[in-house]
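A quick write-up on the structure given underneath.
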Amino acid sequence: MLTAADAGDAAALLAAVPAGRRVALVDPRFVGHLHALRLGLTDPRFPAATVPGALTAQAEARPALVRALQSTTAAVGAGAPTAVPEAGAETAPQTAAEPTTDQATGETAAPAADPAPEDPTLPGRIAAALEAEGTPVHRPALGSLVAAVPADAEQEAAAVAGLTSVDDEAVRLRSAVKAHDGFFTTFCISPYSRYIARWCARRGLTPNQVTTASLVTALVAAGAAATGTRGGYIAAGILLLVSFVLDCTDGQLARYSLQYSTMGAWLDATFDRAKEYAFYAGLAIGAVRGGDDVWTLALGAMVLQSCRHVVDFSFNEANHDAVANTSPTAALSNKLDSVGWTVWARRMIVLPIGERWAMIAVLTALTTPRIVFYALLVGCSLAACYTTAGRLLRSLTRKARRTDRAAQALADLADSGPLAQAVAAVAPGFRGAFTVPAVALLGALVMVGSALFLPYGSWLTVAAAGVYVLLSGLAVARPLKGALDWLVPPVFRAAEYVTILVLAARSDVPHAVPAAFGLVSAVAYHHYDTVYRIRGGTGAPPGWLVRTIGGHEGRTALVAVLAAVLTHASGFTTALTALAVAVALVVLVESIRFWVSSSAPAVHDEGELA
């Protein structure tokens, strides 16, 4: 802590701080809660942030801060009273999430952002100067927290009264809970998991450590399920719930202690899927030990869940920055949100991760793996129909002009490989609001239908794969800006995953379906990785990666060829396994390289029900 006598002194002290360190300017008259300062000055995700009377800048915003301080000093005079420049070491962020206001009890949350009154203090003036030159300055939502610079005794008394009337630790605990969560998470987990998060924070545990503990617990649960015994199933159900509690705790710990990082973003984004799909595999192994082969059901559940997610991702990417983005359906949805019970009913209908994992855990402990997968397939199918129907209605009634960024995001999510791109390069493309998704759907129906109804191993299935390649290329020959073009990526996902599932299930080759489970897992990881990179604003994985693993149409055609060449031979299982390993190695190496690099984004999952 260094005390500056005036604005000129603050500029001199700031210049002496090493360029790679975070600095903060705090007005000496500041009155407020500690957590208000914590929110304003220690969040590592933003280059610059401010609350009334305080401002912080990280290394990347330091040059802009110097310029803003110089211009502000010139405006107010070098001898004007100023702040306390605080030179602090860089924080050590851990996981990605967003601090939000209280929704743990389902009550109306505090305003999403504070109003931005003119802050006459030096930090406030500098913040305005930073924004004027184009440097974004984050203003955290403070809710009932106090952060003020009183100008007279009356204002100081009011600030002190607000300070004593609000327990900032209670606010900090409430705000650690993720907003817009599901019913089960909100009412059955968060009321106590937030205290676990505080316990972890006070003992120096990091969110990444809790995330890893959640993964390990889920893997142990999968191993218990794989025993195929009633005791193992009961233990698996209990451990799965414990894993979910830890999964909630890691994000709450990040919000409580403001520990965020790109590594944490990657872990949090990928581990949920890894835990769930590993548990599916454990259930399938346990069922086989009990004499009931449910691998096809397990793969079907994974395919359905992955396709549900890509529908959500694709729709959101297509519409989040659309111009004139209005819809009567959206207006009705917002109106329903004003009726409390409908909010919770609608969140439960979509079977989010909390409800889904609770259902899996209870049914695993009390029934059989087959019943667990039947329940998952029925529940997720109903949820998919509900959400997709709502999105279709919104798209058909919405008057929106989609941006080039949205069209590029959909093209990246489509995951077109060299074969489809070659077709797209020479094809004129189709016009019309519904033509492109219809072409993609036709290609998917041709591919899946041939896999289902033609004799297994028929070369006609390979010919159908050629038609699928052609139609896939035609579907992406023009920018995806149509009202329903967001359907193209989910249709491609369904075509690829279901084709692999059907061909493996119909092959009657030992262990072909487990090998297909591994292949779909590897490909699905690539697709999730693409989603989170786009969300972070860095674009899709590099083109060489998509070309190397063939794109969706190349992998689908390759599996069709393998089924025809290796008919009724154990070589089909070997080929699927080798393909799964090759895709997994290439995708994981590139993904790890990207997410541990300094340019990787911090991806937030606030509001996502997963």
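Because the structure is predicted, anything quoted here is derived from the model rather than measured.
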* Asked: Going by distance alone, is a donor N or O of one side chain under 3.5 Å from an acceptor N or O of the other, for Ser591 and Asp529?
  -> yes
* Asked: Hey, which of Gln305, Met302, Arg356 is the one that makes side-chain contact (heavy atoms from CB on, under 4.5 Å) with Leu376?
  -> Arg356
* List the atom of Ala516, the atom of Leu299, and the distance in Å for their closest heavy-atom pair. => CB-CD2, 3.9 Å
* Asked: Any luck finding a side-chain donor-acceptor pair between Thr499 and Thr556 under 3.5 Å?
  -> no
* Side chains of Ser190 and Gln252: is there a donor and an acceptor less than 3.5 Å apart? -> yes
* To do: Taking ring-ring contact (aromatic ring centres under 6.0 Å, His included) as the test, write out the residues that go with His527, two or more places apart.
  => Tyr497
* Asked: By side-chain contact (heavy atoms from CB on, under 4.5 Å), which residues pair with Ala424, not counting sequence neighbours?
  -> Val476, Ala477
* Structure fact -> All heavy atoms of Ser395 vs all of Ala483, minimum pair found to be CB-O, 3.4 Å
* **Shortest non-hydrogen separation from Thr185 to Gly354 and the atoms involved** => OG1-CA, 3.8 Å
* **Pair Asp181 + Arg347, salt bridge at N-O below 4.0 Å** => no
* To do: Establish, yes or no, whether a centroid distance under 6.0 Å links the rings of Phe184 and Trp357.
  => no
* To do: May I ask you to establish whether Arg533 and Phe594 are in a cation-pi arrangement, using a distance under 6.0 Å from NZ or CZ to the six-membered ring centre and at most 45° from the ring axis?
  => yes
* Asked: Nearest heavy-atom pair of Ala365 and Ile234: which atoms, and what distance?
  -> O-CG1, 3.6 Å
* Looking only at heavy atoms, which two atoms of Arg391 and Val311 are closest? And how far apart? -> CD-CG1, 3.9 Å
* Asked: Is a side-chain donor-acceptor pair under 3.5 Å present for Ser416 with Glu553?
  -> no
* Between Tyr532 and Tyr528, does the ring centroid distance fall short of 6.0 Å? -> no
* **Residues which pass ring-ring contact (aromatic ring centres under 6.0 Å, His included) with Tyr277, listed by chain and number, not counting sequence neighbours** => Tyr280
* Asked: Do we get Arg547 above Trp544's six-membered ring, with its NZ or CZ under 6.0 Å from the centre and within 45° of the axis?
  -> no
